[in-house]
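One structure below.
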Amino acid sequence: MKNRNITIIDVAREAQVSTATVSNVLNRKSNIPMAEETIRKVEEAAKNLGYRRNVLAASLSKKHSYELGLLLPGFAGYFGSFAEVMESAAHDRGYRLAVYSTESDPMIEKRHLESLLERRVDGLLCHGLAMSHDSTRAIVSDGTPLVLFNAWDWPEDIAIGAVNVDFRQACIYGVRHLREQGCEWVGYIGPSPTNATDIQRRGGFIEGTRLLRIEEQSGCFVIPAEFDYGTLIDQLVALHNGDRYPIGILAFDDAMAYRFLMKAMEKGYRIPGQFKVMGINNSYYAKFSYPGLTSVDIPYDLQANLALDWLLSPSAPPPPSKPSSPDIKEPYSIVGTTVNIYAPLIIRGSTGA
DNA sequence: CGAATGACCGATAATCAGGT
DNA sequence: ACCTGATTATCGGTCATTCG
């Protein structure tokens with residue numbers, strides 16, 4: 001039997017009731033009073049015929065699509081994990097989620113946005129790196145609710161709000177951690193000082209060295225994609241005359257941390273004795289590698305749920321956060337229309353004593 | 001021939017009606 | 001008056017038919 005053509009008309013005929021009754025039984029059980037016998041007849045007919053709800057028709061009538069759009073700059077690493085959590089959180093709230101990657105290309109961004117708006121999504125969740133300010137403003141003036149995430153230093157008025165992970169603060173803590181572990185000198189390595197994500201982290205690192213008054217014992221490096229980490233390691237060792245270990249490295253993400261760490265080990269240096277290395281993202285392997293990689297954990301669940309709740313009820317901004325215990329920091333803080341989520345340091349062997 | 005009209009897709013919300 | 005279930009208008013677009 002071809003279930004795709006079974007509609008409530010067929011179910012109504014089979015159950016000897018009206019189509020409205022079928023709709024009421026299948027979708028509004030708790031609100032509409034109905035006889036037990038009617039409910040049983042309809043449910044049985046629907047089951048026998050293999051009825052499947054047509055959400056397109058429902059959207060047409062309800063003037064809501066119950067679909068949300070998620071725009072990311074890509075699918076790798078953090079973005080994929082984020083999409084997974086977001087999809088599940090949206091599903092829990094009765095929404096479907098369409099996920100697109102803009103590949104950091106304004107033309108692709110425009111095409112995806114247009115496609116999502118044509119389908120009348122009920123709201124958009126957009127990564128700061130996936131969006132231009134102009135197209136974001138255009139959407140907002142169109143009336144589609146929009147919440148940004150990881151959109152640092154965006155104009156306040158541009159969307160309902162932004163839900164950001166506070167990598168800047170995490171890097172400040174990172175510097176302090178490396179210092180507390182006895183690092184004579186600390187360095188930051190990142191891909192590009194023009195990338196908004198890198199700017200956040202780099203800025204946090206520099207701020208961290210300033211707070212500890214160790215600007216003179218620190219440095220930042222820009223690492224191109226096909227870079228030989230060996231050269232950098234040689235430079236650092238020369239800089240220290242080989243006797244001011246350990247050297248602390250805060251990397252842009254876990255992948256860069258591993259590339260540095262593995263090259264250092266290959267060259268015979270001890271981790272964490274001579275180099276202490278930490279990353280950001282707390283990726284799957286950070287926990288299971290040897291040595292385990294110290295990293296900054298990203299509270300995906302919290303970020304996704306805050307963003308979704310805000311998107312679906314724009315008039316109700318996120319409630320103030322409460323620390324779960326006195327020794328734990330606030331899970332997040334709110335400044336204007338921006339939520340900053342605290343990202344905790346997970347300390348492992350790569351920076352251990 | 002192009003323009004205007006109306007039926008139609010499937011489900012739903014609002015309204016209505018029949019039976020106790 | 002209260003339940004329960006039926007009727008109807010409607011959503012926004014497409015397509016076939018009719019009209020001038």
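Protein chains get the first letters and strands the later ones, always in sequence-line order, with residue 1 at the start of each.
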Please work out whether the ring planes of [X] and [Y] are parallel, tilted or perpendicular, with thresholds of 30° and 60°.
{"X": "A:Trp154", "Y": "A:His133", "answer": "tilted"}
{"X": "A:Phe167", "Y": "A:Trp152", "answer": "perpendicular"}
{"X": "A:Phe288", "Y": "A:Tyr284", "answer": "tilted"}

Rounding to an integer number of Å, can you tell me how far [X] [atom1] sits from [N] [atom2]?
{"X": "A:Leu26", "N": "B:dA13", "atom1": "CG", "atom2": "P", "result": "13 Å"}
{"X": "A:Leu117", "N": "C:dG12", "atom1": "CG", "atom2": "C1'", "result": "17 Å"}
{"X": "A:Glu118", "N": "C:dG12", "atom1": "CD", "atom2": "P", "result": "15 Å"}
{"X": "A:Leu60", "N": "B:dG10", "atom1": "CG", "atom2": "P", "result": "11 Å"}
{"X": "A:Gln16", "N": "C:dT4", "atom1": "CD", "atom2": "C1'", "result": "17 Å"}
{"X": "A:Asn24", "N": "C:dA6", "atom1": "CG", "atom2": "P", "result": "10 Å"}
{"X": "A:Arg120", "N": "C:dG12", "atom1": "CZ", "atom2": "P", "result": "8 Å"}
{"X": "A:Arg40", "N": "C:dT4", "atom1": "CZ", "atom2": "C1'", "result": "17 Å"}

Using a cut-off of less than 4.0 Å, is there contact between a side-chain N or O of [X] and OP1 or OP2 of [N]?
{"X": "A:Tyr66", "N": "B:dT12", "result": "no"}
{"X": "A:Ser61", "N": "C:dT10", "result": "no"}
{"X": "A:Arg53", "N": "B:dT12", "result": "yes"}

Candidate nucleotides [options], ranked by approach to the side chain of [X] - the nearest:
{"X": "A:Ala57", "options": "B:dT12, B:dA11, C:dA6", "answer": "B:dA11"}
{"X": "A:Ser18", "options": "C:dG12, B:dA11, C:dA6", "answer": "C:dA6"}
{"X": "A:Thr7", "options": "C:dA6, B:dT12, B:dG10", "answer": "B:dG10"}
{"X": "A:Lys63", "options": "B:dA11, C:dG12, B:dA13", "answer": "C:dG12"}

Do A:Asn282 and A:Ser295 meet the criterion of a side-chain donor-acceptor pair at a distance under 3.5 Å?
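The answer is no; no qualifying pair exists.
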Hey, what do you get for CG (A:Asp198) to CE (A:Met256), rounding to the nearest 0.5 Å?
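Taking CG in A:Asp198 and CE in A:Met256, the distance rounds to 8.0 Å.
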Please report the interatomic distance CD1(A:Ile8) to CZ(A:Arg13), rounded to the nearest 0.5 Å.
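Output value for this atom pair is 12.0 Å.
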By the 4.0 Å heavy-atom rule, please label A:Ala58 as base, sugar-phosphate, or nothing.
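Here A:Ala58 touches the backbone only, sparing every base.
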How about A:Tyr285 and A:Tyr258: are their ring centroids closer than 6.0 Å?
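They do not qualify: ring centres at least 6.0 Å apart.
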Nearest-nucleotide wise, let me know which of A:Leu56 and A:Lys62 is further upstream toward the 5' end of DNA chain B.
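Per heavy-atom nearest nucleotide, the more 5' residue is A:Leu56.
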Using five base pairs at each end to define the local axes, how bent is the helix from B:dC1-C:dG20 to B:dT20-C:dA1, to the nearest 10°?
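Comparing the first five pairs with the last five, the axes sit 70° apart.
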